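The structure appears below as structure tokens.
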Number of protein chains: 2
Amino acid sequence: MAMPAATTLLAWTRLLRAADLASQHCAATLRSLGLPPPEWYDVLLAIERHGAQRPRDLQAALATEQYALSRLVDRMVKAGLLIRVPCPDDARGHTLHLTIEGRAMRAAMWPVYAEAIEAALGARVVEEDRTALARLLAPLAEPVSA
Amino acid sequence: MAMPAATTLLAWTRLLRAADLASQHCAATLRSLGLPPPEWYDVLLAIERHGAQRPRDLQAALATEQYALSRLVDRMVKAGLLIRVPCPDDARGHTLHLTIEGRAMRAAMWPVYAEAIEAALGARVVEEDRTALARLLAPLAEPVSA
DNA sequence: AGCCTTTCGATGCGGATGCATGGATAAATC
DNA sequence: GATTTATCCATGCATCCGCATCGAAAGGCT
């Protein structure tokens with residue numbers, strides 16, 4: 001029942017609040033322009049960068065839950081941005097490919113996403129402090145058990 | 001369509017990931033012991049500290065959405081931790097009071113919550129860095145428009 | 001007083017999440 | 001090669017969230 005240090009509590013509340021505000025701002029900005037939420041961008045980008053992938057690989061890369069990704073892919077397939085192609089050497093799985101529309105959507109989202117990130121973070125913290133922030137957050141961006 | 005600086009993107013991803021991991025760890029720890037989620041603690045603490053309050057005050061203090069708080073209070077009332085008392089000078093509203101059980105629940109949650117925070121943050125970042133982190137996150141813990 | 005605007009809090013509805021589980025295939029073990 | 005175990009992905013179910021909106025009561029204005 002050790003009471004955490006005051007600095008721990010302060011850092012804790014600010015960390016959670018800052019991340020919440022930032023992601024909210026970003027999601028709201030995309031939404032206000034009729035664009036899909038940030039997660040969609042992350043999926044589209046991952047596939048565009050590293051080629052067609054299987055769900056389990058995306059799952060690891062994006063640090064998302066298995067069922068959450070499964071349903072996210074469902075929605076993106078339904079929206080015509082992704083297609084599921086049966087995996088030749090593993091009948092359990094499939095690979096996820098971008099459609100033309102998927103590629104176009106990623107391109108359309110980027111300027112908006114980038115602008116939102118800039119507004120939420122870049123424009124509010126100077127370069128030097130962003131570097132320090134990234135360094136301090138590095139250990140926290142790894143799983144707790146590790 | 002300005003591309004954010006590399007340091008901005010790095011800080012961005014780490015911020016979101018760190019907060020997600022931290023809050024996940026905390027929620028999972030409470031849940032594994034059959035305790036309510038962190039938001040419940042925040043409500044209980046706010047009322048215990050500052051006395052009975054109206055929803056709109058809690059809403060400001062906890063930075064939560066109006067409808068989210070409304071339903072959160074519903075659940076907590078149903079669980080017997082809170083009661084809604086009609087407001088004498090404003091027939092639209094009511095004040096939220098802790099029950100005995102509510103007080104007991106807050107006390108029961110604290111050691112677990114504290115331990116989870118310590119594990120997720122306190123034990124992974126030294127005092128000096130926690131202070132720096134809190135300072136760097138300060139501007140980001142304010143609404144984006146401000 | 002009578003209206004208009006604002007504030008307070010709840011809620012219907014569609015959609016997303018978390019948890020657990022299921023069905024199918026692949027890999028390992030014997 | 002047959003049986004067990006592990007992996008891959010989907011899904012039923014309950015809960016929770018987000019958005020919009022609503023009814024009721026205050027507060028302002030003329």
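By convention in this document, chain letters (A, B, ...) are assigned in the order of the sequence lines, proteins followed by strands, and residues within each chain are numbered from 1. Computed from a predicted structure; not experimentally measured.
- Spacing between atom CZ of B/Arg92 and atom P of C/dT7 amounts to 9 Å, rounded to whole angstrom units.
- Between B/Glu101 and B/Leu81, some side-chain heavy-atom pair lies under the 4.5 Å cut-off.
- Nearest-nucleotide mapping onto DNA chain C: of A/Ala91 and B/Ser70, the residue sitting toward the 5' end is B/Ser70.
- Residue A/Arg75 places no side-chain atom within donor-acceptor reach of the base of C/dG14, judged by atom type and a 3.5 Å distance cut-off alone.
- Residues B/Asp74 and A/Pro88 both approach DNA chain C. Their nearest nucleotides, taken by heavy-atom distance, put B/Asp74 toward the 5′ side.
- Residue order along DNA chain D, read from the 5' end via each residue's closest nucleotide, puts A/Arg84 first among B/Ala68 and A/Arg84.
- Between A/Tyr113 and A/Tyr41, the ring-plane angle classifies as perpendicular under the 30° and 60° cut-offs.
- Atom CZ in A/Arg31 sits about 11 Å away from atom P in D/dG18, given to the nearest Å.
- Atom P of nucleotide D/dC17 and atom CD of A/Glu39 are separated by 16 Å, given to the nearest angstrom.
- When rounded to the nearest whole Å, the span between CD of A/Gln66 and P of C/dG18 equals 13 Å.
- B/Leu82 has its CG atom 13 Å from the P atom of C/dG9, to the nearest Å.
- Pairing each heavy atom of B/Ala63 with each of A/Arg17, the nearest pair is CB-NH1, 3.3 Å.
- Rounded to an integer number of Å, the gap from CZ of A/Arg71 to C1' of C/dT21 is 12 Å.
- Atom CG of B/Leu72 and atom P of C/dA10 are 11 Å apart (whole Å).
- Looking at A/Leu15 and B/Leu15, their side chains come closer than 4.5 Å, going by heavy atoms from C-beta outward.
- Here D/dC16 presents its C1' atom at 11 Å from OH of B/Tyr67, a figure rounded to the nearest Å.
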